[in-house]
Protein chains: 2
Amino acid sequence: MVNTDGSHPEGKAAPGTDVDRRSQLVNAAVDYVAAHGFADLSLRGLGAAIGVSHRMLIHYFGSKEQLLVEIVRMSERRQRDLLSRFRLEPGLSPSDAARLLWQQLTDPRLASQERLFFEIYGNALRGRPEAAPALEGFVNNWLEPLVAAEVAAGADPAMARNRARLGLATVRGLLLDLLATGDRAGVDAAMEEFLRLYYGSK
Amino acid sequence: MVNTDGSHPEGKAAPGTDVDRRSQLVNAAVDYVAAHGFADLSLRGLGAAIGVSHRMLIHYFGSKEQLLVEIVRMSERRQRDLLSRFRLEPGLSPSDAARLLWQQLTDPRLASQERLFFEIYGNALRGRPEAAPALEGFVNNWLEPLVAAEVAAGADPAMARNRARLGLATVRGLLLDLLATGDRAGVDAAMEEFLRLYYGSK
DNA sequence: CAGGGTGTGTACCAATTGGTACACTCGCGA
DNA sequence: TCGCGAGTGTACCAATTGGTACACACCCTG
């Protein structure tokens, strides 16, 4: 790297059409990574799959590292969108709302995205710098809405955080189980048991 | 690969001292991988760290692939040893036994081994062939002893499997939380809440 | 039409990778 | 003592990697 300013050598002040192209490329990249994995991604392989040369990826993102950062960010954003698109049913009991969320989360079409989620998780735990910033949000981004839901459902505020944390952990643990075993019936049964304990219905 | 039998080119029928050296190397390799990560392991880096040339690693294991397989296997074995070393306290209530197990699992000295566990998990989900055989065991190896414990504690056999599956998922989810956030107090509190729900004490 | 900047492809480079060839040492049995 | 085979290091190879140099195509403004 010869030039001393932070920007990458070409195309200094991005004009605007660049932005569209960039986000389009990032979206395609996330799809590719969700399908083919995060760890052993190569610029050439990705480029060939999404129809650009690896040269262009460097052009738009400056380095592979930066591209990975943006892939992680976009993947996070998609997860958050997924969560925000939910919660549109006002009249449900907490138990039924949770069951519905669980059904949505275990939609097979989301499987590859969730695998990517756990893969990024693992890489972040390992200290891979492009994934590390996601670590903080892995729990906290999800915890806050859950705490709010618990409080809204009338839980004691001091308990709400513990319960939210517990619910998040259980969902993730069962999701991990489902992805590993594919035993949807078994995992669903365990979730039913959890809902019974958690919401006290019988 | 020129020769047609399954063995690697050199040192055909391993004489016996080979075996010791191999398992010694695998043990050192697991330690190294637990500390430095599984995904971007290089034979040279590993060799330099544990005091052999990468040439020797190829010699003993035939290929990097095979070495990774044995690392995964050994890591599994250690996990299982961890579990079997437990369960030595006869007089405990199920709740206290679970609490004790949780305390052991969250010992900071196990953190790197658990990170490795989740990293292998992620790679296995991605279909990495050297990690894939572990997928099956990730759930089932742990489920069976837990089911047995549930039944021994008097649970209904039909419910025992669901409860065991739920407990396993929750523990793993909270472990994931702990590794990501380091918030031991928060995670411990969530676990206490779980134990309260799970074992019905107040 | 002229000219420059943006977008892109081709060719290339240095570094690193897993794996191999060959030479060397050392210990043990004849 | 001789030899031979297991264990090891050095040097090397081909492939792949991220990243760069340079040239070309296109579009917009003058």
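None of the values given here were measured: they were computed from a predicted structure.
Protein atom NZ of B/Lys64 is 15 Å distant from nucleotide atom P of C/dT20, rounded to whole Å. Following rounding to the nearest Å, A/Leu57 (CG) and D/dT17 (P) show an atom-to-atom distance of 13 Å. Taking atom CE of B/Met56 as the reference point, atom C1' of C/dC22 lies 13 Å away to the nearest angstrom. Rounded to an integer number of Å, the gap from B/His59 NE2 to C/dA21 C1' is 15 Å. Distance, B/Leu67 CG to C/dT17 P: 15 Å, rounded to whole Å. Protein atom CZ of A/Arg55 is 13 Å distant from nucleotide atom P of C/dT6, rounded to whole Å. In this structure, the CG atom of A/Leu46 is 12 Å from the P atom of D/dT17, given to the nearest Å. In this structure, B/Tyr60 places its OH atom 17 Å from P of C/dG19, rounding to the nearest Å.
Atom CG of A/Leu197 sits about 11.0 Å away from atom OH of B/Tyr199, to the nearest 0.5 Å.
Of the charged side-chain nitrogens involved, none lies within less than 4.0 Å of a carboxylate oxygen, so that A/Asp40 and B/Arg126 do not count as a salt-bridged pair. A salt bridge is absent between A/Arg78 and A/Asp81; no separation between the charged side-chain nitrogens and carboxylate oxygens falls under 4.0 Å.
One finds a side-chain N or O of B/Arg21 lying less than 4.0 angstrom from the OP1 or OP2 phosphate oxygen of D/dT8. Neither OP1 nor OP2 of C/dG19 sits under 4.0 Å from any side-chain N or O of B/Arg44. Listed pair A/Ser53 / C/dG9 meets the phosphate criterion, a side-chain N or O lying under 4.0 Å from OP1 or OP2.
A/Thr106 and A/Arg184 get closest at one heavy-atom pair: O-NH2, 2.6 Å.
The side chain of A/His54 lies closest to C/dA11, out of C/dG19, D/dT17, C/dA11.
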